[in-house]
Amino acid sequence: MEATLTFLGSGTSMGVPTLGCICAVCALACTPGNPNRRTRPSVLVTYGGHNVLIDTGPDFHAQAIREGVQHVDAVLYTHGHADHVLGMDDLRPLSFHQPGGLPLYADDATATIMERIFEYTFRKVDRYPTSARVNLQRVSTEPGTCVDLFGVSFVRVPVSHGRTTISGYRFGGAAYLTDLSDLPPESLPLLSGLDILILDALRREPHPTHSHLAKSIELVHQLSPKRAFFTHISHDLEHDAVNAELPPHVRLAHDGLKLSFDIVPKIEVSA
Ligand SMILES: [Zn+2]
Ligand SMILES: [Zn+2]
Ligand SMILES: [Zn+2]
């Protein structure tokens with residue numbers, strides 16, 4: 001089944017331009033439409049008329065308007081950092097008509113953070129009447145966990161993000177691994193035979209909680225997908241200059257980039 005993945009945002013937590021910065025990349029990013037303008041990271045996966053989001057960052061409202069997102073059927077969360085969850089409240093108008101609530105999927109640590117941030121939404125009594133009608137479901141962190149959405153398995157891929165382990169997802173021929181500093185050995189078999197690998201590449205210098213350019217290139221060589229796209233990018237990487245350095249099958253993502261791929265139902269993955 002044909003699917004489209006859209007980068008709603010490709011930037012790091014501070015976004016590009018970064019507030020208060022006068023560097024050359026931030027100056028380029030001040031021009032609307034410039035590929036160095038990077039909003040906070042998330043992707044939209046569309047197949048069979050369904051829209052599945054991975055994360056809702058603080059720029060979700062503007063991203064959804066830009067991409068003409070009229071409905072959302074489910075959201076998978078990677079972890080509870082602000083740049084990945086703060087847009088949850090913008091799901092409100094898209095959630096009101098959903099019987100049983102718009103389903104959100106998060107591991108226990110992420111769900112606990114979301115319940116604290118959006119206490120007025122998730123409280124059991126005296127809920128704020130027009131808060132988002134969402135149904136937050138906990139995803140197990142046991143190996144081989146899948147979330148089945150509209151005939152497609154989203155396989156949870158454990159990802160090291162500094163000293164914490166967060167959720168990446170594989171769906172058909174694609175995998176989305178944001179906020180990755182390393183891959184635990186048990187995740188490697190979940191990432192074989194990929195068409196599209198999307199992973200974190202923050203900057204040129206190493207960083208304690210994010211992969212850097214050289215390490216991400218090394219991971220691409222190790223996993224050998226047909227195509228790879230880097231995301232969660234800071235103002236350290238100028239779009240055209242870095243793309244000119246990369247092999248042709250490896251590119252920096254940019255906001256609004258759309259990729260077509262095969263999202264086969266019920267993939268078989270050996271954990
Ligand atoms: Zn992040
Ligand atoms: Zn800058
Ligand atoms: Zn993070």
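Order of appearance sets the numbers: ligands from 1, and atoms from 1 within every ligand.
- Classified by interplanar angle (parallel below 30°, tilted 30° to 60°, perpendicular above 60°), the ring pair H161/H210 is perpendicular.
- Among pairs with a residue in residues 6-16, those fulfilling side chain to side chain donor-acceptor pair (under 3.5 Å) read T6-K258, S10-D255, T12-H232, at least two apart in sequence or across chains.
- One finds no salt bridge joining D195 and K226 here, because no Lys/Arg side-chain nitrogen approaches an Asp/Glu carboxylate oxygen to under 4.0 Å.
- Taking the six-membered ring wherever Trp is involved, the centroid distance between the rings of F171 and F154 falls below 6.0 Å.
- For the Zn ion (ligand 3), the tally of protein N/O/S atoms lying closer than 2.8 Å stands at 4.
- For the residue pair S216 / S211, a side-chain donor-acceptor distance below 3.5 Å is found, with atom types taken as modelled.
- Side-chain N/O atoms of D179 and H84 include a donor and acceptor closer than 3.5 Å.
- Within the structure, the ring-ring contact (aromatic ring centres under 6.0 Å, His included) test picks out no pair touching residues 99-148 (sequence neighbours left out).
- A donor and an acceptor atom, one from each side chain of D59 and H61, are nowhere located under 3.5 Å apart.
- Using modelled atom types, one finds no donor on one side chain facing an acceptor on the other under 3.5 Å when comparing T112 with R116.
- Here the protein contributes C21 SG, C23 SG, C26 SG, H235 ND1 as N, O or S atoms under 2.8 Å from the Zn ion (ligand 2).
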